[in-house]
Amino acid sequence: MKKFFENVWTKRVVSLLSGFYAFIACYICYCSIFYNIEISSHLSLCLLTTGVSILALVIMLYTRKQLVTIISSIIILPVMLPAVLFWFGNWSLIIPIVATGIIILLLSGAGEGFKTAFGTIFLLMYIFGALGYFLFTSFFVTSAKTTTIDKGVSPTGQYRYEVINTEDSSNGSTAVYVEPNYADVSHPFMTLTLKDMSRIVHLERPIAESAQVQWSTMTRSEITAQLNSLSDSIVIHLSEEHLKKLGFTYDQMLALTDIKPAKKAELGYSVSDISTIYLDALTAEQLALFGIGKTSDGRYYVLEPSAKLLEELEKDAGATVFFSEMSSDWQEEYNVTKDDSVLLSTLTDENLAMFGIPESGDVMTFNGKVCFRYYVAILEEYFNVDDRSFSISLIG
């Protein structure tokens, strides 16, 4: 048995478990950036984390001279820094892992100079990281006092809400926030909720004298009829995928925006006319005024692309540059943008079903006024729960 445990291949295989522990630390780092944490039992989570960490530490000490363990000892401390900053105070999860990272770094099989160098780097990372985070977040601190006066979950369980009163120098305000209730991630003794998902669906000044929230369940057709009775000019913003399902090609979505009065006059429009003009509504001569051409199959291109544009798209001189190949910044150079709006009155119930809108869902009223409808939230993608792009709001 002693020979078995002293065998180098046994240690190499077991060292993979230390790599798995480092992976757990990386997962916690990822979650701390994109999720808020709510711990249901700090004692239970601490015991679980401590038990796993002690087992991992024993394995890493046994395999401390293996490459996988040495790499793991370097990874754990830096990836835990976001968790320390963003989940500050949740020590039942953080301390066992950070302590394990420190011990294995000091006792790993790497050379003393190596450990000293990386230990110094990690210490400076934590000091300057904490200082920078504190200074950055201090800019977002406000003197306004906020009070949550109501919160709950919609009848279907799809959404949760909060009504928050804010007292400030401008007589305060009352805001209703809605966020998805279906994107939480549950782990033993803790729940993770996506950051930056709350959307203000109602805001009024000064502070509302009463705050009565009512939820109801309405069918898709009932909501459509209700909205169309208010106005037949209600605009819905659709994703490119939804527009394509309606039969729109990319080029049919392109429109001119921010047109100067002189150019409008050349197109035959008055200054007070619509501000968005679809390219499909213009003749070849009108398109040429903006340096735009059109192929026989309805695709739009730049008549005289600049050398810089050709270089960015890696095209040769004389090549055709279509708007579908260009970034939005380059399209704006020609006053062109992809318009994603359609009139709600032009959509049928079959269209809405095709977009994946459920037959019925939640509708919220605040003090008797409708402020949230489930299918508008789905159509206009209020809550993009699949997005994991980094933004400053995740830090603040």
Side-chain angles (χ1 to χ4, degrees), residues 35-36 38 40 146-166 173-186 191-204 207-243 245-246 340-387:
Y35 291 86
N36 293 311
E38 183 177 337
S40 57
T146 60
T147 305
T148 300
I149 60 173
D150 189 15
K151 62 180 180 179
V153 180
S154 68
T156 64
Q158 288 290 96
Y159 306 100
R160 53 178 174 258
Y161 73 94
E162 284 187 317
V163 182
I164 298 177
N165 282 347
T166 302
S173 64
T174 298
V176 182
Y177 294 81
V178 175
E179 63 179 314
N181 195 44
Y182 50 83
D184 296 351
V185 178
S186 295
T191 301
L192 306 178
T193 58
L194 278 171
K195 294 181 181 179
D196 202 27
M197 279 290 113
S198 292
R199 184 184 179 101
I200 297 178
V201 297
H202 180 81
L203 177 66
E204 65 177 73
I207 292 177
E209 295 181 1
S210 64
Q212 296 182 352
V213 173
Q214 289 185 323
W215 286 94
S216 60
T217 302
M218 295 182 67
T219 65
R220 191 173 55 221
S221 56
E222 286 174 340
I223 295 175
T224 303
Q226 187 182 75
L227 291 173
N228 286 333
S229 68
L230 298 175
S231 172
D232 58 1
S233 301
I234 294 176
V235 171
I236 295 289
H237 296 277
L238 302 178
S239 66
E240 187 173 330
E241 179 186 355
H242 288 160
L243 287 167
K245 286 182 179 180
L246 292 176
D340 60 0
S341 60
V342 298
L343 292 175
L344 178 62
S345 57
T346 64
L347 299 178
T348 65
D349 197 58
E350 289 73 22
N351 292 148
L352 297 172
M354 181 174 59
F355 297 155
I357 309 299
E359 177 64 31
S360 62
D362 298 308
V363 175
M364 173 199 272
T365 60
F366 181 76
N367 289 341
K369 296 180 180 179
V370 177
C371 60
F372 178 83
R373 296 177 174 90
Y374 81 100
Y375 91 37
V376 176
I378 295 174
L379 278 179
E380 299 201 344
E381 297 182 340
Y382 282 9
F383 312 113
N384 188 0
V385 298
D386 297 321
D387 180 36

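Among residues two or more places apart in sequence or in another chain, the salt bridge (charged side-chain N to carboxylate O under 4.0 Å, His left out) test is passed with Asp387 by none. For Tyr382, there are no ring pair (Phe, Tyr, Trp, His ring centres under 6.0 Å) partners at least two apart in sequence or on another chain.
Two residues are said to be in side-chain contact when any heavy atoms from C-beta on lie closer than 4.5 Å; Leu347 and Leu246 meet this criterion. A heavy-atom distance below 4.5 Å is not found between the side chains of Arg373 and Met364. In this structure, Val201 and Tyr177 have side chains that are not in contact, with every pair of non-hydrogen atoms separated by 4.5 Å or more. Looking at heavy atoms from C-beta onward, Val376 lies out of side-chain contact with Leu379 at the 4.5 angstrom threshold. In this structure, the side chains of Glu179 and Arg160 come closer than 4.5 Å at one or more pairs of heavy atoms. A heavy-atom distance below 4.5 Å is not found between the side chains of Asp150 and Gln212. Residues Pro358 and Tyr374 have side chains in contact (heavy-atom distance under 4.5 Å, counting atoms from C-beta outward). Between Leu203 and Ser173, some side-chain heavy-atom pair lies under the 4.5 Å cut-off.
The number of heavy-atom neighbours closer than 6.0 Å to CD of Glu380, taken from other residues, nucleotides and ligands shown, is above 12. In the displayed structure, Lys151 atom NZ is contacted under 6.0 Å by at most 12 heavy atoms of other residues, nucleotides or ligands. When the shell of 6.0 Å around CD of Glu38 is examined, it contains 12 or fewer heavy atoms from other residues, nucleotides or ligands.
With rounding to the nearest 0.5 Å, the separation of CD1 in Ile378 from OG in Ser239 is 12.0 Å. Atom CD of Gln158 is separated from atom CH2 of Trp215 by 10.5 Å, given to the nearest 0.5 angstrom. Note that the SG atom of Cys371 and the CD1 atom of Ile200 stand 12.0 Å from one another [nearest 0.5 Å]. Here the CG-OH distance, from Leu194 to Tyr35, works out to 4.5 Å after rounding to the nearest 0.5 Å. Atom CD1 of Ile236 sits about 9.5 Å away from atom CG of Leu343, to the nearest 0.5 Å. Met197 contributes atom CE, which lies 11.5 Å from atom CG of Asp184 (distance to the nearest 0.5 angstrom).
Considering Val363, Leu227, Leu230 as possible partners of Val370, the one that fulfils the side chain to side chain contact (heavy atoms under 4.5 Å, CB included) test is Val363.
What you find for Ala211 and Val163 is that their closest heavy atoms are CB-CG1, 4.1 Å. The shortest non-hydrogen separation linking Pro180 to Val385 is CG-CG1, 3.9 Å. The heavy-atom pair separating Ala208 from Thr174 by the smallest distance is N-OG1, 2.8 Å. Smallest separation of non-hydrogen atoms from Tyr375 and Arg220: CE2-O, 3.4 Å.
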Check against side chain to side chain contact (heavy atoms under 4.5 Å, CB included), His242 and Met354: CA-CA 9 Å; His242 288 160; Met354 181 174 59; over 6 Å; no

Criterion side chain to side chain contact (heavy atoms under 4.5 Å, CB included) on Val185 and Thr193, from CA distance to verdict: CA-CA 7 Å; Val185 178; Thr193 58; over 6 Å; no

Candidate pair Glu204 and His202, rule side chain to side chain donor-acceptor pair (under 3.5 Å), full reasoning: CA-CA 7 Å; Glu204 65 177 73; His202 180 81; 2.8 Å; yes

Verdict with reasoning, Asn165 to Thr147, per side chain to side chain donor-acceptor pair (under 3.5 Å): CA-CA 5 Å; Asn165 282 347; Thr147 305; over 6 Å; no

Test side chain to side chain contact (heavy atoms under 4.5 Å, CB included) applied to Asn228 and Ile234, step by step: CA-CA 7 Å; Asn228 286 333; Ile234 294 176; 5.5 Å; no

Side chain to side chain contact (heavy atoms under 4.5 Å, CB included) between Leu344 and Asp232, worked out: CA-CA 7 Å; Leu344 178 62; Asp232 58 1; over 6 Å; no

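For Asp362 and Thr156, the side-chain atoms include at least one donor-acceptor pair closer than 3.5 Å.
No donor-acceptor pair closer than 3.5 Å links the side chain of Thr365 to the backbone N or O of Gly368.
Ring-centre distance between Tyr159 and Phe372: below the 6.0 Å cut-off.
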